[in-house]
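Residue numbers start at 1 and run along the sequence shown.
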Amino acid sequence: MRRAQIIRNTLETQISIHLNLDGTGKSVLETGVPFLDHMLDQIARHGMIDLEVAAKGDLHIDAHHTIEDIGITLGQALIQAAGDKKGLRRYGHAYVPLDEALSRVVIDLSGRPGLVFNVEFTRARIGDFDVDLIHEFFQGLANHALITLHIDNLSGRNAHHQAETVFKAFGRALRMAIEHDPAAAGIIPSTKGSL
């Protein structure tokens, strides 16, 4: 089973993540940020991964450190669980609509961190949640999972819908990228011979 457990403790946050890439979409989420719990549940369900996240952070300041560090820790868990990436598809993509909103996410398990984030939210907050922190989450994740990640919101008027399509599409694209490719069993999907 492709599993990882990562614990990250700093002066600002204490985070524990359990990840199973061969899961069934179950999640147990206690981040202290309800909207983030909702979004992480989308990744688990649509990515068909099992995800447990427990986080305590300096939310009395704001949610920035907590959300960024959860992204970092999830990225560390992803790279650990994926192992040497032999036999994986490597690339994944998904388009996901939700009413008027449509987002596209493309992933390359490249071993090179990179994020292109083209999302212009229609408002600055979703309830109490600062939408700028979605970029911070995915930046931390991409940097520490060593993946190339393109996120584009193609349409949307409702910021909640925009965000939800991004997280659902990420889950679907991740699911495709980490799938085993029967035609490439035991082979690292790179001309370099490593990722």
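- Heavy-atom minimum distance, A169 versus S103: CB-O, 4.1 Å.
- In this structure, NE2 on H144 lies 6.0 Å from CD on Q76, to the nearest 0.5 angstrom.
- Taken together through direct or relayed side-chain contacts under 4.5 Å among Ile, Leu, Val, Met, Phe, Trp and Tyr, F129 and F117 form part of one hydrophobic cluster.
- Residues L21 and A82 share a closest heavy-atom pair of CD1-N, 3.8 Å.
- Residues V131 and R123 share a closest heavy-atom pair of CG2-O, 3.5 Å.
- Heavy-atom contacts from other residues, nucleotides or ligands closer than 6.0 Å to CZ of R2 number more than 12.
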Could you please spell out the steps behind the side chain to side chain contact (heavy atoms under 4.5 Å, CB included) verdict for V119 and H135? CA-CA 9 Å; V119 182; H135 177 274; over 6 Å; no
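- In this structure, CD1 in I147 is found 8.0 Å from OG in S110, a value given to the nearest 0.5 Å.
- Among all heavy-atom pairs drawn from S16 and I7, the shortest one is OG-CG1, 4.1 Å.
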Side chain to side chain contact (heavy atoms under 4.5 Å, CB included) between I43 and I49, worked out: CA-CA 8 Å; I43 293 175; I49 62 175; 4.0 Å; yes
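- Sparse packing is recorded around CG of L11, with 12 or fewer heavy atoms of other residues, nucleotides or ligands lying under 6.0 Å away.
- Between F167 and F137, the ring planes lie tilted relative to each other; the angle falls in the 30° to 60° range.
- Q162 and T165 make their closest contact through O-OG1, 2.8 Å (heavy atoms, listed as atom of the first residue, atom of the second, distance).
- The shortest side-chain heavy-atom distance between T31 and I70 falls under the 4.5 Å cut-off.
- To the nearest 0.5 Å, atoms OG (S155) and CG (L98) are separated by 10.5 Å.
- H38 and F35 have perpendicular rings, their planes meeting at more than 60° on a 0 to 90° scale where under 30° would count as parallel.
- Residues I188 and K85 form no side-chain contact, since every pair of their non-hydrogen atoms from C-beta on lies 4.5 Å or further apart.
- Hydrophobic cluster membership is shared by V53 and L174, with clusters built from Ile, Leu, Val, Met, Phe, Trp and Tyr side chains linked at under 4.5 angstrom.
- Tracing side-chain contacts under 4.5 Å through hydrophobic residues (I, L, V, M, F, W, Y), one never reaches I72 starting from L36; they form parts of separate clusters.
- Among residue pairs with one or both ends in residues 82-107, none qualify as ring pair (Phe, Tyr, Trp, His ring centres under 6.0 Å); sequence neighbours excluded.
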Hey, mind stepping through H46 and V96 against side chain to side chain contact (heavy atoms under 4.5 Å, CB included) and telling me if it holds? CA-CA 11 Å; H46 293 275; V96 171; over 6 Å; no
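- By the criterion of side-chain heavy atoms lying less than 4.5 angstrom apart, applied directly or through intervening Ile, Leu, Val, Met, Phe, Trp or Tyr residues, V166 is grouped together with M39 in one hydrophobic cluster.
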Evaluation steps, side chain to side chain contact (heavy atoms under 4.5 Å, CB included), between H150 and T148: CA-CA 7 Å; H150 287 251; T148 302; 4.0 Å; yes
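- By the neighbour-count criterion of 12 heavy atoms within 6.0 Å, atom CG of D128 is sparsely surrounded, having that number or fewer from other residues, nucleotides or ligands.
- Here the side chain of R8 pairs no donor or acceptor atom with the backbone of T73 at under 3.5 angstrom.
- Of the options D41, L40, D50, a side-chain contact (heavy atoms from CB on, under 4.5 Å) to S27 is made by D41 and by none of the others.
- Taking hydrophobic clusters as Ile, Leu, Val, Met, Phe, Trp and Tyr residues chained together by side-chain heavy-atom distances below 4.5 Å, I151 shares a cluster with L109.
- Here the straight-line distance linking atom NE2 of H161 with atom CD of E100 works out to 5.5 Å at 0.5 Å rounding.
- With values rounded to the nearest 0.5 angstrom, H64 atom NE2 is found 10.5 Å from D58 atom CG.
- Heavy-atom minimum distance, A142 versus L115: CB-CB, 4.4 Å.
- Checking T66, V33, I67 one by one against L133, the side-chain contact (heavy atoms from CB on, under 4.5 Å) holds for a single residue, I67.
- Remark: the backbone N or O of L102 is paired with a side-chain donor or acceptor of N153 at under 3.5 angstrom.
- Note that CD of E52 and CG of L29 are 9.0 Å apart. Values are rounded to the nearest 0.5 Å.
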Please lay out, stage by stage, how R89 and D181 fare under the test salt bridge (charged side-chain N to carboxylate O under 4.0 Å, His left out). CA-CA 5 Å; R89 295 198 184 277; D181 182 350; 3.7 Å; yes
